[in-house]
Amino acid sequence: MADRTATRQMLTIGFLCVLWYIVSSSNNVIGKWILSEFPYPMTVTMVQLTSITLYSGPFFNLWGVRKYVDISWRYYFKFIVPLALGKFLASVTSHISIWKVPVSYAHTVKATMPLFTVILSRVIMRERQTKAVYLSLVPIIVGVGIATLTELSFDMIGLISALLATMGFSLQNIFSKKVLKETGVHHLRLLHILGRLALFMFLPLWMYFDLFSVLKHPAITTGDYRVIALLFTDGVLNWLQNILAFSVLSLVTPLTYAVASASKRIFVIAVSLFIIGNPVTWMNIFGMLVAIMGVLCYNRAKYFSRLAPSRDTILPYSNNNIKYKPLEDSSLLGQTGNGHYAGKNGYPTNGSAAGYFQNGGTVQNGGVTNATTTTNLLLNNSNSATTTTIAGNKMLFV
């Protein structure tokens, strides 16, 4: 049964990733076509935010997506508002980049996301990385450098915009996962919240900078249905792309999401080169491949750094001299002090002083009653109790 569930989940994730790749590449190609004839990246962004705002509510209710959760105003202004700001700025700068430079080059530059992730995680989260992770950034930098030097349609504004967009998307990935975990809000509702908030925050800014210029553009004054249809299609595709991206992000770890995103970038680059056909050199393609390989090396190094063994944590112990240490052998889970096995979660069958359990739990008279991170120990039917906080890993009572 467990194998069937795991297989179903893998197939679901695979299907979502393939659909995500197709929608994203189509969205980028159409975006390039629009901006070549209708050079208003902020307007394109506002059309996309409007699509998210208009479509999300009715469709999410139809699909039975659960309603909003209560979020305090303090948390809202600390995380949700900055996320909405980042979403708008990352989207605008991303559109400027594909307006100024080819889609293939813009996505090659966006391969620098691991570099921004490492730097931002160090600054914000105080996270240190292994030497292998730092070394994996070298081919990314070298590949992007080669692609930049050999890019026939190079534009400095396009390069800077692509870098700013990459930094913005990196921040969104870090904090979106944090908000999803801490608030329990549905990932699609979070998308709706961010899209709607970003739309109303920047509507006055768009009206000041773009509205009157857009109304005077020939595509609008002459009623060019081709441009209007492309704008509508771009908004729908971007909405679908966001739904798919948030869905994949909610189902997998940040590392798996990074691998999927790198694979998507290869697909988008290939499709854009095939459909749009912008001129490239072999050295340019070589630089793109080196950068993408660097991303894959980074993901591999990051994966193995997470598997590195950590030191045993020394925590307080009770007056019954009950000590504990990380349990490395998961086969011991479920064994009681008398050598008997008491089920999947290792509930001891009596008041023995030795019992194994996973991810914490409340132990009372030798039995685990629930899974919490605060453990109340009451063993051997004694009248004294000791409260100990554990880290939520596999623990062994000895």
Side-chain angles (χ1 to χ4, degrees), residues 16 18-63 87-88 90-107 153 158 161-162 165 188 191-192 194-196 198-200 202-203 205-247 264-265 267-278:
L16 289 175
V18 171
L19 196 58
W20 181 29
Y21 296 177
I22 294 173
V23 170
S24 180
S25 57
S26 302
N27 189 213
N28 277 273
V29 169
I30 289 176
K32 181 67 175 179
W33 287 345
I34 293 172
L35 291 167
S36 298
E37 301 182 25
F38 189 76
Y40 298 102
M42 187 180 293
T43 299
V44 175
T45 298
M46 295 302 288
V47 168
Q48 293 179 351
L49 294 176
T50 303
S51 299
I52 292 173
T53 303
L54 293 179
Y55 305 151
S56 295
F59 276 96
F60 292 170
N61 292 334
L62 183 65
W63 293 338
K87 182 172 182 59
F88 176 80
S91 182
V92 170
T93 51
S94 179
H95 286 126
I96 293 174
S97 68
I98 65 172
W99 170 35
K100 292 291 185 179
V101 296
V103 174
S104 56
Y105 176 65
H107 277 268
S153 304
S161 299
L188 295 181
L191 168 64
H192 189 196
L194 296 179
R196 184 178 60 184
L199 174 65
F200 288 109
F202 292 96
L203 188 59
L205 191 66
W206 170 77
M207 293 175 68
Y208 178 79
F209 283 103
D210 267 14
L211 178 59
F212 297 106
S213 299
V214 166
L215 292 177
K216 295 177 183 178
H217 192 272
I220 303 300
T221 56
T222 60
D224 187 345
Y225 294 108
R226 180 176 175 274
V227 172
I228 296 173
L230 285 175
L231 279 170
F232 173 77
T233 305
D234 182 71
V236 173
L237 289 175
N238 181 261
W239 176 64
L240 289 174
Q241 179 184 231
N242 276 277
I243 288 177
L244 293 168
F246 270 70
S247 298
K264 184 207 74 171
R265 210 168 299 288
F267 191 86
V268 171
I269 290 173
V271 169
S272 67
L273 288 174
F274 179 76
I275 295 179
I276 299 176
N278 55 280

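Throughout, numbering of the chain's residues begins at 1 and tracks the sequence.
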Do Ser25 and Val29 pass the side-chain contact (heavy atoms from CB on, under 4.5 Å) test, and can you show the C-alpha distance, the side-chain angles, and the key distance before you say yes or no? CA-CA 6 Å; Ser25 57; Val29 169; 5.5 Å; no
If you measure from OG on Ser91 to CE on Met42, what distance do you get to the nearest 0.5 Å? 10.5 Å
Side chains of Asn27 and Gln48: closer than 4.5 Å at any heavy-atom pair? yes
What pair of heavy atoms forms the shortest contact from Ser97 to Ser94, and how long is it? OG-O, 2.5 Å
Search all heavy atoms of Val23 against all heavy atoms of Gln241 and return the closest pair with its distance. CG1-N, 3.8 Å
Going through the checks in order, is the side-chain contact (heavy atoms from CB on, under 4.5 Å) test met by Leu188 and Ser56? CA-CA 8 Å; Leu188 295 181; Ser56 295; over 6 Å; no
Between Gly195 and Ile52, which heavy-atom pair has the shortest distance, and what is it? CA-CG2, 4.0 Å
One should read off an interatomic distance between Leu199 CG and Thr45 OG1, to the nearest 0.5 angstrom, of 11.5 Å
Can you find a heavy atom in the side chain of Leu191 that is under 4.5 Å from one in the side chain of Lys87? yes
Between Ile220 and Phe38, is there a side-chain heavy-atom distance shorter than 4.5 Å? yes
Enter the distance from Tyr21:OH to Ser26:OG here, rounded to the nearest 0.5 Å. 14.5 Å
Kindly state each residue pair satisfying side-chain hydrogen bond (donor to acceptor under 3.5 Å, both in side chains) with at least one member in residues 207-221, sequence neighbours excluded. Thr43-Asp210
Can you find a heavy atom in the side chain of Asn28 that is under 4.5 Å from one in the side chain of His107? yes
Audit row: Ser104, Ile269, side-chain contact (heavy atoms from CB on, under 4.5 Å) steps and yes/no: CA-CA 5 Å; Ser104 56; Ile269 290 173; 3.9 Å; yes
Nearest heavy-atom approach of Ile98 to Leu35 is CG1-CD1, 3.8 Å
Counting C-beta onward and ignoring hydrogens, is there a side-chain heavy-atom pair between Tyr55 and His192 closer than 4.5 Å? no
To the nearest 0.5 Å, how far apart are OH in Tyr40 and CH2 in Trp206? 11.5 Å
How far apart are the closest heavy atoms of Val101 and Gly158, and which atoms are they? CG1-CA, 4.0 Å
Do Asn238 and Asn242 have a side chain donor and acceptor closer than 3.5 Å? yes
Classify the angle between the aromatic ring planes of Trp63 and Phe60 as parallel (below 30°), tilted (30 to 60°) or perpendicular (above 60°). tilted
Run the numbers on Asp234 and Val47 for side-chain contact (heavy atoms from CB on, under 4.5 Å), then give the verdict. CA-CA 8 Å; Asp234 182 71; Val47 168; 5.7 Å; no
Between Ala90 and Thr93, what is the shortest heavy-atom contact and its length? O-OG1, 3.1 Å
Contacts of Trp33 meeting ring-ring contact (aromatic ring centres under 6.0 Å, His included) (sequence neighbours excluded), chain-then-number -> none
Under 3.5 Å, is there a donor on one side chain and an acceptor on the other for Lys32 and Asn278? no
